[in-house]
Amino acid sequence: MADRYSVHDCPMEHYTNTEVIVREDILAKARELAQLISTSTEVQYFQQAERQIARNEHVQELIRAIKKKQKEAVAFETTFKNEAMVKKIEAEIDALQDELDSIPIVSEFKQSQEDINYLLQLVVSVIRDTVSDIINVEAGQEERETCSD
């Protein structure tokens, strides 16, 4: 019976969870791909929207108010055990969030985040599918490779 850790009678190397073994050429291509993505229209639009949000005092005030209300809600929930106040504060947070979401640059920023996430998911899917196709094709070959030290 073949060793359960061998492929085509080649011993498989074993690594612990703390060991990371990645070929440098793969890392170089990943960095190159990351650079390409960082110069994409989606990322540029995201960065522009992010800068506009950072400079918009009304947006920043709303964000600060939401964070403050969230802290209040946690305090009333954990320290004071006052569910009525928690519900009241959560309603105030929802109103502030609705106001924030109604600001066009915030909507554009959120859309740009979704666009970047979609782009990244697409890239990961293409890599996964391509590797999977290659593995399936190679696994289907009848020729057996031999070990080479």
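Computed from a predicted structure; not experimentally measured.
Here the CD-CE distance, from Glu72 to Met85, works out to 7.0 Å after rounding to the nearest 0.5 Å. To the nearest 0.5 Å, the span separating CZ on Phe46 from CG on Leu119 amounts to 13.0 Å. In this structure, Ile105 CD1 and Arg51 CZ are separated by 10.5 Å, a value rounded to the nearest 0.5 Å. Atom-to-atom distance recorded for Gln121:CD and Arg128:CZ is 10.0 Å, nearest 0.5 angstrom. If you take CG on Leu33 and CG on Leu120, they are separated by 9.0 Å, rounding to the nearest 0.5 Å. To the nearest 0.5 Å, atom CD1 of residue Ile103 and atom CZ of residue Phe109 are 13.0 Å apart.
A single hydrophobic cluster is not seen to contain both Ile127 and Leu27; linkage of ILVMFWY side chains at heavy-atom distances under 4.5 Å, directly or through other members, places them apart. Follow the hydrophobic side-chain contacts under 4.5 Å out from Tyr118 and you never reach Ile37; the two are in separate clusters. Cluster membership for Leu122 and Val124, using ILVMFWY side-chain heavy atoms within less than 4.5 angstrom, is not shared. By the criterion of side-chain heavy atoms lying less than 4.5 angstrom apart, applied directly or through intervening Ile, Leu, Val, Met, Phe, Trp or Tyr residues, Val106 is grouped together with Ile63 in one hydrophobic cluster.
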ask   = Hey, mind stepping through Lys68 and Lys71 against side-chain contact (heavy atoms from CB on, under 4.5 Å) and telling me if it holds?
value = CA-CA 5 Å; Lys68 182 180 176 192; Lys71 288 178 183 177; 5.9 Å; no
key: Test log, rule salt bridge (Lys or Arg N to Asp or Glu O under 4.0 Å), inputs Arg31 and Glu24   = CA-CA 10 Å; Arg31 289 184 192 103; Glu24 190 54 41; 3.2 Å; yes
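Side-chain atoms of Asp115 and Gln111 include a donor-acceptor pair closer than 3.5 Å.
Here the closest heavy-atom approach between residue Ala65 and residue Leu96 is recorded as CB-CD1, 3.9 Å. Contact record, Ile53 with Gln60: O-NE2, 2.8 Å, taken as the closest heavy-atom pair. Contact detail for Val43 and Ile116: the closest heavy-atom pair is CA-CD1, 3.8 Å. Residue Ile89 comes nearest to Phe76 through the heavy atom pair CD1-CD1, 3.4 Å, listed as atom of the first residue, atom of the second, then distance.
Between Glu32 and Gln35, every side-chain heavy-atom pair lies at or beyond the 4.5 Å cut-off.
Between the side chain of Ser132 and the main chain of Asp129, no donor-acceptor pair closer than 3.5 Å is present.
A salt bridge (charged side-chain N to carboxylate O under 4.0 Å, His left out) check over residues 86-107, counting only residues at least two apart or in different chains, returns the pairs Lys69-Glu92, Lys88-Glu92, Asp101-Lys110.
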